[in-house]
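Taking it in order: structure first as structure tokens, then the write-up.
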Amino acid sequence: MALSRIWAAFILVSIVVAGVRYACVPADKEIFSTMVTGRAGDTVRVATAAGPVGATAAGPVGATAAGTGSAAAAPGYRVQRADGIIGTCSTAVTLAIGLIGIMALFMGLVSIAEAAGGMRFLARITAPFFSRLFPDVPRGHPAMGHMVMNFSANLLGLDNAATPFALKAMESLQELNPDKKTASNPQIMFLCLHQSGLQLIPVSVIAIRAAAGASDPTDVFVPIVIATFLTTLASMSVVAFRQRINLFQPAVLVWIGSLSVLIAALVLYLRTLNADGVQSFSRAFSSGLILFIFLAVVGVALYRKVDIFDAFVQGAKGGFDTAVRIIPYLVGMLVAISMLRTSGTFDAIIDVLKHLFERTGADTRFVDGLPTALIKPLTSAGARGMLVDTMKTVGKDSFAAHLSAILQGSSESTFYVAAVYYGSVAIRNTRYSIGAMLLADLVSIVSSIFLCYLFFGHLS
């Protein structure tokens, strides 16, 4: 029910804001057309460094906020292409279809691993830790292995592998769920941890900064790792509190401490590399890990005399079915997000925030980076567009650009995660999970701002 109310609020608020802009701003008489049709020639106004802060990411998920200037734009603004409701519907379907291949591949691989006993092996190894966080999941259940694979993929920045593993984990947890329409405790804990986006190597953010010509693309590496670690601890703590799970058990503390040491060691090593070195190491390590997983799964399956190809095909069929099943959820959520974006709601919120902080006499440099924080819970790809736009409008080596980069790398998209993963198993009642994820987002924002001042407070 929470997701339904939020979705309805997105639509109602965007229409009201668009109506106010239509009535009060002479230059916005085409806003309704832009929101609905979003044709290639349509644009939305986006603030520049000379004008109000709060650029909105135009375009479908995955689009960048590059944009082009226009003489017709109001002073302090530029205009850029916007995709309306119709274009976003096509984008959602294209996105789901694009998932079919990678999901079929990895779900087929998971099917082989299950037949060979690999998931149960992973479950036994991680049982001392995960059995405390997921007390309702029986020891040795395949869901444990699926969750471990997902967390491992996220940790190493393997986004393409993380999604199929997460969907498979949700399906496994759904088998244990007594109420198929309501999210179970293990599903909530899993999705909140997944949404926190714990990662060791924020390759995509470093690559974006390198492509933009930042003087030191890797200088945000340490703040991002710390911020995402704090976000994960916040997610774990919030859900554990609601589910009455004691996190101060020795097994939990040992695992968290070991992970902290691992993160610190990797940070120290990668800090010795330049931007090209970090990206080269990440590509080699990530790709090598995927190939190692293939080698281990197929090798063990051959040893166990598993019918490998038949197991792969059966799992791959499940990947196709899941990709098709999430289309309605993607369409609904992305359309609502598109309406918020093209209606100018983000512009209004950012303008209000900046005026409020200016009145208090506080340092307002961080407000220039907040558009990324606002759109990140809605769409990670849109947040990437906001990062690009912030670097273009405020400066690629500015304080705001660094904050935007840290925010981009510190968590996953809350509403996208909820829509896709709950939708994949037809969960209707998400209980308190979205509230917990949004609270973790707040921790992500606050910690990112603090870390940015700590590391880059000298920048303008």
Side-chain angles (χ1 to χ4, degrees), residues 118-119 121-134 144-162 165-166 169 189-190 192-206 218-237 239-240 245 247-275 277-293 296 405-406 408-412 440 443-444 447-448 451 454-455:
M119 290 300 144
F121 175 72
L122 281 176
R124 286 197 300 271
I125 291 177
T126 58
F129 176 62
F130 280 97
S131 62
R132 270 72 173 182
L133 287 185
F134 301 92
M144 292 290 194
H146 298 147
M147 289 189 287
V148 171
M149 294 295 284
N150 169 256
F151 293 143
S152 300
N154 269 333
L155 202 64
L156 300 170
L158 307 177
D159 295 339
N160 288 338
F165 291 145
M189 176 64 84
F190 168 67
C192 287
L193 291 177
H194 173 76
Q195 179 270 345
S196 66
L198 180 62
Q199 59 179 320
L200 296 178
I201 310 174
V203 182
S204 61
V205 174
I206 292 173
T218 63
D219 60 2
V220 295
F221 169 73
V222 173
I224 288 177
V225 173
I226 297 174
T228 190
F229 187 59
L230 293 175
T231 303
T232 299
L233 289 180
S235 292
M236 185 186 303
S237 300
V239 179
I245 297 172
L247 293 181
F248 294 97
Q249 302 175 67
V252 176
L253 295 177
V254 167
W255 274 78
I256 292 176
S258 300
L259 183 59
S260 302
V261 171
L262 176 63
I263 290 174
L266 188 62
V267 166
L268 290 175
Y269 170 68
L270 291 181
R271 287 293 290 173
T272 65
L273 306 177
N274 57 24
V278 171
Q279 292 186 56
S280 176
F281 172 83
S282 174
R283 284 193 298 267
F285 190 66
S286 301
S287 300
L289 182 63
I290 290 178
L291 294 176
F292 173 77
I293 291 173
I406 298 171
Q408 166 63 22
S410 61
S411 66
E412 293 292 339
V443 171
S444 170
S447 60
S448 295
L451 289 166
L454 180 64
F455 283 84

With the side chain counted from C-beta on, respond yes when [X] and [Y] share a heavy-atom pair under 4.5 Å apart, and no when they do not.
{"X": "Thr272", "Y": "Tyr269", "result": "yes"}
{"X": "Asp219", "Y": "Phe455", "result": "no"}
{"X": "Val443", "Y": "Leu233", "result": "no"}
{"X": "Ser258", "Y": "Leu262", "result": "no"}

For the student: nearest non-hydrogen atoms of [X] and [Y], plus distance:
{"X": "Ala405", "Y": "Val220", "value": "CB-CG1, 4.1 Å"}
{"X": "Phe229", "Y": "Ser260", "value": "CZ-OG, 3.1 Å"}
{"X": "Met189", "Y": "Ala240", "value": "CE-N, 4.0 Å"}

Inset, instruction - Examine distances only and state if a side-chain atom of Thr228 and a backbone atom of Ile224 form a donor-acceptor pair shorter than 3.5 Å. - result: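 Between the backbone of Ile224 and the side chain of Thr228 there is no qualifying donor-acceptor contact (under 3.5 Å).
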Once rounded to the nearest 0.5 Å, what's the spacing between atom [atom1] of [X] and atom [atom2] of [Y]?
{"X": "Ser410", "Y": "Ile406", "atom1": "OG", "atom2": "CD1", "result": "8.5 Å"}
{"X": "His194", "Y": "Ser235", "atom1": "NE2", "atom2": "OG", "result": "11.5 Å"}
{"X": "Gln408", "Y": "Ser448", "atom1": "CD", "atom2": "OG", "result": "10.5 Å"}
{"X": "Leu247", "Y": "Met236", "atom1": "CG", "atom2": "CE", "result": "6.5 Å"}
{"X": "Gln195", "Y": "Ser444", "atom1": "CD", "atom2": "OG", "result": "8.0 Å"}
{"X": "Met149", "Y": "Met144", "atom1": "CE", "atom2": "CE", "result": "16.0 Å"}

Inset, instruction - Would you confirm whether the ring centroid of Phe130 sits within less than 6.0 angstrom of the ring centroid of Phe151? - result: yes
Legend entry - Check: Phe134 ring centroid to Phe129 ring centroid under 6.0 Å: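 So the answer is no for these two rings.
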Legend entry - Sole residue of Thr231, Leu230, Leu259 in side-chain contact (heavy atoms from CB on, under 4.5 Å) with Leu198: Leu259
